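Here is the structure we will look at.
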Amino acid sequence: MKTKKHDTRWMVGVALMAAIIIVLANTPLGMIQLPVIKATTVHIPVILGAILLGPSAGAILGGVFGICSVVSNTMTPTLLSFAFSPFMSTTGIPGAFKALWVAVGCRILLGVAAGWLWILFRKVKVNEVIALPIVGFVGSIFHTIIVMGSIYVLFAQQYAEAKEVAISAVFGLVMGTVMASGIPEAIAAAILVLAIGKVLVVVFRKMNLSAAGK
């Protein structure tokens, strides 16, 4: 009975974090429009959910984030939406599967990686005040690198055509995006994960649904 109660509470926790992701993804706070790509803060509740509820919850929340990204890039496309929405593919079915990997697969990996990094820190008994911002920063920068890296590997030609540059210039442009948006996003994630996570870790523990203390 206790296990069933815990499972129910865990699902409620995941549903709550998923609702936050959906709200953020559908407001200017979640998807910030830049000239070429959409910067995001939606990865922050994914990281928080992975910390509070474990890697499996992180995977689910990452998937929710990815689906929101597909919807956003389909409904309000940018120059790079072909890399985030299978419906905007310029190379048919192969491009659609690649877009699903970038939009959904990479975000699932974010949730799993953040969850396991937190578990590692808990096992080696790193203080939460230190561990929380590190997980926030590393999770955010990991997200940027894996998304932009996948775009470089899978969509270099289409990226070059969209930007009207030589394919040899794509790596530099991708790295420029990592530095210009990835670093500020990671710093913001470190601050917010610490500020919000300190409170939520205590609350979720008291509710007996947190993986953070295990």
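All figures in this text were calculated on a predicted structure; none of them were measured in a lab.
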Do Ser81 and Asn73 have side-chain atoms, one donor and one acceptor, less than 3.5 Å apart? yes
Could you check whether any side-chain heavy atom of Trp10 comes within less than 4.5 Å of a side-chain heavy atom of Ser56, counting everything from C-beta outward? yes
Are side-chain heavy atoms of Tyr152 and Phe171 found at a separation under 4.5 Å? yes
If we only count heavy atoms from C-beta on, is the Pro55 to Ile119 side-chain gap below 4.5 Å? yes
Are the side chains of Leu61 and Pro45 in touch, meaning some heavy atoms are under 4.5 Å apart? no
Check the pair Arg107 / His143 against side chain to side chain donor-acceptor pair (under 3.5 Å), numbers first and verdict last. CA-CA 7 Å; Arg107 275 58 185 268; His143 169 247; 2.8 Å; yes
Val23 versus Ile20: any side-chain heavy-atom pair under 4.5 Å? no
So, do Thr41 and Glu185 sit near enough that their side-chain heavy atoms are less than 4.5 Å apart? no
Nearest heavy-atom neighbours spanning Ala50 and Ala114: CB-CB, 4.0 Å
Criterion side chain to side chain contact (heavy atoms under 4.5 Å, CB included) on Leu173 and Thr177, from CA distance to verdict: CA-CA 6 Å; Leu173 290 172; Thr177 300; 5.7 Å; no
Approximate separation, where rounding is to 0.5 Å, of Met148 CE and Leu80 CG: 6.5 Å
Closest contact, heavy atoms only, Ile60 versus Val14: CG2-CG1, 3.9 Å
Within the 4.5 Å heavy-atom criterion, are Leu109 and Trp101 side-chain neighbours or not? yes
In this structure, CD1 of Ile51 is separated from CZ of Phe121 (nearest 0.5 Å) by 10.0 Å
Assert yes or no for the condition that the ring centre distance of Phe155 to Phe82 is strictly below 6.0 Å. yes
So, do Tyr159 and Ile167 sit near enough that their side-chain heavy atoms are less than 4.5 Å apart? no
